[in-house]
K.L.:
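Got a structure for you, questions after.
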Amino acid sequence: VIYGVPPYAYLWSDGSTTEDNDSLMAGIYLVTVTDALGTSVTDSIRIYDTWQDHRDMQQYMVVKIASDLWMAENMNYTTSSGSWYYNNDSLSYAGLYGRLYTWNIAGEVCPVGWHLPGDQEWKNLEMWLGMSNIEADSSQYFRGTGEGGALKEAGKLHWNIPNTGAVNETGLSALPAGWYDSAATSF
């Protein structure tokens with residue numbers, strides 16, 4: 001806490017009253033901080049589950065949306081070919097954005113028990129976020145209205161202004177990780 005008048009009182013949505021709450025499981029929690037003058041501020045925090053890839057021991061944040069478990073980070077598994085870092089700069093981009101893969105390699109690097117989501121899984125996710133069956137079954141290149149915003153990281157740190165509709169209510173924290181044009185061999 002950097003504002004207000006100490007001492008501070010804390011109230012977490014799980015009933016805890018300590019400043020640091022180490023007993024939280026994965027989920028979204030509210031914490032209300034009240035200063036000595038009775039001024040209160042409430043904010044939320046998301047605690048992620050993690051999953052470890054035993055091939056290279058990297059840890060990834062995962063989030064449960066509806067009944068499915070989704071990786072909340074891009075894979076960063078090294079391959080001998082078919083994958084790159086954005087601008088070929090692993091120092092600047094590996095930790096946040098992971099690797100870019102060709103479609104075939106992306107399917108191959110999925111760890112045991114994981115796979116790339118198919119169109120039906122995306123439709124189920126979109127409908128869980130409020131899209132109608134008719135719209136989800138549309139063959140248009142773009143479908144939906146605000147469902148993407150529920151998946152995107154909010155703010156302007158990694159997205160161009162205005163990042164309209166980005167609220168990240170799912171915790172997926174989707175980032176603009178780039179694309180690779182294999183015909184032009186450029187990013």
K.L.:
Does Asp119 come within less than 4.0 Å of Lys123, counting only side-chain N to carboxylate O?
P.N.:
yes

K.L.:
With side-chain contact (heavy atoms from CB on, under 4.5 Å) as the test, would you mind laying out the steps for Val31 and Leu11 before giving the verdict?
P.N.:
CA-CA 6 Å; Val31 60; Leu11 178 60; over 6 Å; no

K.L.:
How many angstroms lie between atom CD1 of Ile105 and atom CE of Met75, to the nearest 0.5 angstrom?
P.N.:
12.5 Å

K.L.:
Give the minimum heavy-atom separation between Leu116 and Gly107, together with the two atoms involved.
P.N.:
CD1-N, 3.8 Å

K.L.:
Judged by atom type as modelled, is there a donor-acceptor pair below 3.5 Å linking the side chain of Glu169 to the main-chain atoms of Ala150?
P.N.:
no

K.L.:
Hydrophobic clusters here meaning ILVMFWY residues chained together by side-chain heavy-atom distances under 4.5 Å, can you tell me if Met61 and Leu24 are in one?
P.N.:
no

K.L.:
Is the cationic atom of Arg99 (NZ for Lys, CZ for Arg) positioned less than 6.0 Å from the six-membered ring centroid of Tyr77 and within 45 degrees of its normal?
P.N.:
no

K.L.:
Determine whether a donor-acceptor pair (N or O, by modelled atom type, separation under 3.5 Å) exists between the side chain of Asp35 and the backbone of Val5.
P.N.:
yes

K.L.:
For the ring-ring contact (aromatic ring centres under 6.0 Å, His included) test, which of Tyr48, Trp51, Trp114, Trp122 pairs with Trp70?
P.N.:
Trp122

K.L.:
Rounded at 0.5 Å granularity, tell me how far CG in Asp53 sits from CD in Gln58.
P.N.:
7.0 Å

K.L.:
Just checking, is any N or O donor in the side chain of Ser173 or Glu153 under 3.5 Å from an acceptor N or O on the other one?
P.N.:
no

K.L.:
Going through the distances and angles, do Glu121 and His115 end up as a side-chain contact (heavy atoms from CB on, under 4.5 Å)?
P.N.:
CA-CA 11 Å; Glu121 288 166 300; His115 64 274; 2.7 Å; yes

K.L.:
Using every non-hydrogen atom in the two residues, find where Ala154 and Ala166 come nearest and quote the distance to one decimal.
P.N.:
CB-O, 3.5 Å

K.L.:
Hey, quick one: are Ile65 and Leu69 part of the same hydrophobic cluster, counting side-chain heavy atoms closer than 4.5 Å, chains of contacts allowed?
P.N.:
no

K.L.:
Please determine whether the number of non-hydrogen atoms from other residues, nucleotides or ligands lying under 6.0 Å from atom CD1 of Ile134 exceeds 12.
P.N.:
no

K.L.:
Could you check whether Glu108 and Asn104, counting side-chain N and O atoms only, form a donor-acceptor pair closer than 3.5 Å?
P.N.:
no

K.L.:
On a heavy-atom basis, which atom in Leu172 and which in Leu151 lie closest, and how many Å separate them?
P.N.:
CB-O, 3.7 Å

K.L.:
How close do Ser40 and Thr34 get, counting heavy atoms only, and between which atoms?
P.N.:
OG-OG1, 2.7 Å

K.L.:
To the nearest 0.5 Å, how far apart are CG in Asp137 and CD in Glu126?
P.N.:
10.0 Å

K.L.:
For the pair Tyr85 and Asn76, evaluate side-chain hydrogen bond (donor to acceptor under 3.5 Å, both in side chains) and give the outcome as yes or no after the intermediate values.
P.N.:
CA-CA 9 Å; Tyr85 290 109; Asn76 194 17; 3.2 Å; yes

K.L.:
Spell out, as yes or no, whether a donor-acceptor pair under 3.5 Å connects the side chain of Glu147 to the backbone of Gly144.
P.N.:
no

K.L.:
Give, for atom CD1 of Ile45 and atom OG of Ser13, the distance between the pair rounded to the nearest 0.5 Å.
P.N.:
10.5 Å

K.L.:
Strictly distance-based, threshold 3.5 Å: is any side-chain N or O of Trp12 a donor or acceptor partner for the main-chain N or O of Thr18?
P.N.:
yes

K.L.:
Heavy-atom count around Asn160 CG within 6.0 Å, excluding the residue itself: above 12?
P.N.:
no

K.L.:
Measure the spacing between CG of Asn124 and OG of Ser67 and express it to the nearest 0.5 Å.
P.N.:
8.0 Å

K.L.:
Specify the closest pair of heavy atoms between Pro111 and Arg55, including all atoms of both residues, with the distance to one decimal.
P.N.:
CG-NH2, 3.5 Å

K.L.:
Before giving the answer on side-chain contact (heavy atoms from CB on, under 4.5 Å), spell out for Leu175 and Glu73 the whole-Å C-alpha distance, their side-chain angles and the decisive distance to 0.1 Å.
P.N.:
CA-CA 9 Å; Leu175 295 173; Glu73 296 182 81; over 6 Å; no

K.L.:
Give a yes or no on this: more than 12 heavy atoms of other residues, nucleotides or ligands lie within 6.0 Å of atom CE of Met25.
P.N.:
no

K.L.:
How about Asp20 and Tyr10: does a side-chain donor come under 3.5 Å of a side-chain acceptor?
P.N.:
no

K.L.:
Below 4.5 Å, heavy atoms only, C-beta onward: do Leu100 and Tyr93 meet side chain to side chain?
P.N.:
no

K.L.:
Trp159 ring centre to Lys152 NZ or CZ under 6.0 Å, with the angle to the axis within 45°?
P.N.:
yes

K.L.:
Can any side-chain N or O of Asn87 pair as donor or acceptor with the backbone N or O of Asp89 at less than 3.5 Å?
P.N.:
no

K.L.:
Quick check: do Ser23 and Asp14 have side-chain heavy atoms less than 4.5 Å from each other?
P.N.:
yes

K.L.:
Please report the shortest heavy-atom distance between Ala36 and Pro6, naming the atom on each side.
P.N.:
CB-O, 3.5 Å

K.L.:
Apply side-chain contact (heavy atoms from CB on, under 4.5 Å) to Tyr60 and Thr50, showing your working.
P.N.:
CA-CA 5 Å; Tyr60 296 94; Thr50 58; over 6 Å; no

K.L.:
Can you tell me how far the OG atom of Ser90 sits from the OH atom of Tyr97, to the nearest 0.5 Å?
P.N.:
15.0 Å

K.L.:
Under the salt bridge (charged side-chain N to carboxylate O under 4.0 Å, His left out) rule, collect the residues that match up with Arg46, sequence neighbours excluded.
P.N.:
none

